[in-house]
Amino acid sequence: MISMASELTIRRVPWTERFRPRSLDEVILTRRQRNQIENWWRMWVIWWNLRILWFEIFSKKWRDLLRTDEGKSWAKDVIPKWRDFFSKKFVSKFDNKTQETIFETIGTKTKKLTLNLRKNAKDKILNIFNEMWNDFVSYSKIEDRGVIPPFPPYKPLLLIGPPGTGKTSSIYALAWQEGVVVVEFNASDKRSSSVIKEVVREATLNIGFASAEALDHPPRIILLDEVDGLHAREDRGGFAAILRLINETKVPIAFTANIMHDRKVRMLMIYCETIFFDRPADYQIEKLINIISQKTKMIVPDDVRMYLKKYAPDFRTVVAALETYYYTKKLPYIFHDEMLSLQDAIRMGFGFKVEKDGKIDVIKTMERVQNYLTSAEEIDPFTLMLWVWENASNFVEKNNLFKFYDLLAFADYLYRIGSRRGNWRIAYRDAMNYLALSMAMYGKPVKNVWALRKIRVVKPTIIEKLGKIKQLMEGTGETTEESMKGLGLRPLLEKYAKKTHISRKQAWYELKFLSYLAKQAPEKIGELFANLYVPEETIKLFLEHFVKKEKKVHSIVLNSYREALGKIGPKFISLQGVETPPTKPTPEEKEVKKETKVKKEEQKTRTLDEFFS
Amino acid sequence: MVAEEVEEEVLWVEKYRPKTLDEIVNQEEVVAALKNFVKNRNIPNMLFAGPPGTGKTTAALALARDLYGDIWRSYTLELNASDERGIDMVRTRLKDFARTKVTGEIPYKILILDEADSMTREAQHALRRTMEKYADITRFILICNYPSKIIEPIQSRTAVFKFKRLSLEDIKGRLLYIAKNENVDLKEDGLEAIIEVSEGDLRKAINLLQSVAYLGIPVTKEVVYRTAGLVYPEYVREIILKAFKGDFEEARKLLIKAMTEEGVSGEDLLQEFYRELTRGDIIEVNAEDKIKLMEFLSELDYRISQGATDYLQLTALLAFITELGLKYQT
């Protein structure tokens, strides 16, 4: 009975948990990844021991020093320099060779390092630390007071890669193997600001470190999962808080992120030891299958292996699929609908083919493609078409390009016509059919669907770009009193069009001519704009867009504009329907105005005088 | 207004725009007719049609000037395509102008509607009533490139004048005159290059001459072509060539750039494509393929006019050209 019960409980734990690696050896990593992780950890162990040594030796002296005013001012001067120096030198001082003298090495040939400390390691660490301090003293020429100030933390670890490729597992495996606790914060299920506050509290606690126990190892690793999902719109200070955290932490921190393109992730990369994880390679999946089949004593047939190697996007999927296979002798359908991002849907849509008797079954494939496309995200057919349009050339052979785009263009036509006439059958069903058909028929068939994931799928930006040009031409319509920018180039276009008796649209084309003139004869253009009473804001916009980098041209145009405007005299510049303030007259203009007034008054007085005499 | 008279004209197009009908040297037949109207002090509603840069707007403005003298501006209203000209505009502003009476020697005023072919059909229909109702106090001059885009009721209510493409001699003469006045060292081959690039559009030719002249060096063929790199047909030609040579993705990027950075509309681009592809000197294909190409072009034109997404449709055209290129290169 007992054995039954235990079997049941084992059964209930999903395999992904049951087979979670317990040591770094069990994690499927490349040699490089493994080295990076181990090295990072060793540096932290050194750092941690150093910290304990510092407390034993210097902390009391340090506190005493800070009690005197003189000591305070000394510390104020030295601390930032020392922190800076320490951060730079710490890694090079404890390089691989030095590490060998600190950690036990097994086998002289391979020089494989374990993470256990040698007996006299602490002395060694302290020696190097003192050496660093001496270097610092002679380098920055400060007065040595026999006390070494506290030092900044070592770098956090940043693991970047798709879901299920072993990022979190690596951290847990490391912790397990080293006997430390992982404190995990999941960014996605809590409000980011509160998450960060908690992390900061956890990271700066002194628990477990002043006491005598567990002195050899840091007591915990903080794992901040999915940082790219963190601090979205709601928490603007989130990232600054993370940076502060990096500077103040007393325990090692590990971040994970799915994408590298995120701006914040890129920023983090500067401050962290970064390790990249990729979609698993065939041999890695094979290795995982072997591990699991050994542990469960399950025989995995070749076709199952092939299938998994071909289609499984990550390790987690492999484990889950094997679990299902173990209990049902059937492989699950690997591509769960909810798993597909829009990018993946497009990759699959192009690459996946249903084969029948060695030939591609177009109709079946098309149905499948439609499934992919519609299951990806809530998205309208047109946006889908744009995505497909933007990325097609990576998925379609050159000699099929026309046939493909012809179908795509036709799908677009159907969609437009259908939605315009309110015929949703045409707009949605028929258009989607043609879209799916175009992908099913002309997408390059791939042998290995997994390889599709290497193909970049980018977001179409044309709508944004067209919006920008429209904004530039017409303006956004929202004008504030201070700014003409909201009007875009409209004031210029309208005035130029009026002047030359052409339409605003034609004027838009001729702006290229004007920009050319601006480069050749900037004074003339400035004069022209003044004569047209184009507001200065608009001119600046024009220069920014059409002349771009040549700042010299900018200033000549604007100067001659101001000069000419001064000669003509300012006039209230208004646009049809949009009341806009005149450009602020420059000080010189004001003077010119005053002068003419004075002159007029002089003339008046003179004539009056003459009259009376 | 005052400033305008004092100011030295910066734009040559304006500076050398003929001020009176007498100064217009080409379009003899049209000008002769117009002169007669001025002489009799009476003009009908008119429709000027012709390719761009042939003097339609100039003729209309010169007519007004001849008719009213210096005060012509207060008797004329000039409306462009891009001034809002939906049906509302026709019903309000245009009507208001049309029905105000004027005093003076000549009892009517002139309303110039430039680029009338880009007005919607509804707006044109609304215009038709206004034209009839206020015929005694307002005369209309409609200007367009394609008379076929003007609804028939309006065509029948107007005297249609067709402006023909300017002769090479006329353009040459005008450009030489300007060059002489502005002290431009215009070489013979430079002149020819300007004419070649501007395709009979005098407006374009003068603009090009001005931008070349400001370089301050003798105007030769090479200089003109280098400057004209900015000119728009060249750009389309480059797209076509890129596609034909098989660099589809590059061609597509250029296309997007033309639309997103230069702001060219898809419809206009298609027209440019049409013009360049029918010239036949860019890509050489046999008659059969050429017919296929034309067929596809008109299909796309139709689709775009029906509201299909222009850049998607034009991409299909690029793919077509790429395929042609593949066929002819192997």
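Protein chains get the first letters and strands the later ones, always in sequence-line order, with residue 1 at the start of each.
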Turns out that what part of A/Lys398 lies under 4.5 Å from chain B's heavy atoms comes down to both
Do the numbers put B/Arg252 on top of the ring of A/Tyr405, so that NZ or CZ is under 6.0 Å from the six-membered ring centre and no more than 45° off the axis?
no
Separation between OG1 (B/Thr309) and CH2 (A/Trp389), nearest 0.5 Å, reads 10.0 Å
Testing the 3.5 Å rule here: is there a donor-acceptor pair between the side chains of B/Asp268 and B/Ser265? yes
Most heavy-atom pairs under 4.5 Å with chain A, out of B/Thr57, B/Thr315, B/Ile256, belong to B/Thr315
Okay, B/Gln306 and chain A: the region with an atom under 4.5 Å from a heavy atom over there is both
Under 4.5 Å to a heavy atom of chain A? For B/Glu299 that would be neither
For B/Leu254 and B/Tyr235 the tightest heavy-atom approach is O-OH, 3.1 Å
Highest number of heavy-atom pairs under 4.5 Å with chain A among B/Leu61, B/Thr322, B/Val13 belongs to B/Leu61
Cut-off 4.5 Å, heavy atoms of chain B, and the answer for A/Ile417 is side chain
Assert top hit (heavy-atom pairs under 4.5 Å, partner chain B, pool A/Ile462, A/Leu401, A/Leu466) equals A/Ile462
Just checking A/Phe404 against A/Tyr442, ring centres under 6.0 Å apart?
no
The interface call for A/Phe546 against chain B, heavy-atom contacts under 4.5 Å, is neither
I'd like to know if the side chain of A/Tyr415 pairs up with that of A/Asp430 as donor and acceptor (distance under 3.5 Å, no hydrogens or angles considered). no
Bottom line for A/Phe529: the part with an atom under 4.5 Å from chain B's heavy atoms is neither
Turns out that what part of B/Phe296 lies under 4.5 Å from chain A's heavy atoms comes down to side chain
Exercise for the section: Apply the test salt bridge (Lys or Arg N to Asp or Glu O under 4.0 Å) to residues A/Lys540 and A/Glu544: give CA-CA distance (whole Å), side-chain angles for both, the deciding distance (0.1 Å), then the verdict. Expected result: CA-CA 6 Å; A/Lys540 279 181 188 158; A/Glu544 258 167 48; over 6 Å; no
Ranked by heavy-atom pairs below 4.5 Å to chain A, first place among B/Arg303, B/Arg17, B/Glu323 goes to B/Arg303
inquiry  = Between B/Glu272 and B/Arg275 (salt bridge meaning N to carboxylate O under 4.0 Å), is one present in this structure?
reply    = yes
Bottom line for A/Glu523: the part with an atom under 4.5 Å from chain B's heavy atoms is neither
Whatever's closer than 4.5 Å to a heavy atom in chain B on A/Leu414 counts as neither
| message | For a quick check under 3.5 Å, do B/Glu249 and A/Ser393 share a side-chain donor-acceptor pair by atom type? | response | yes
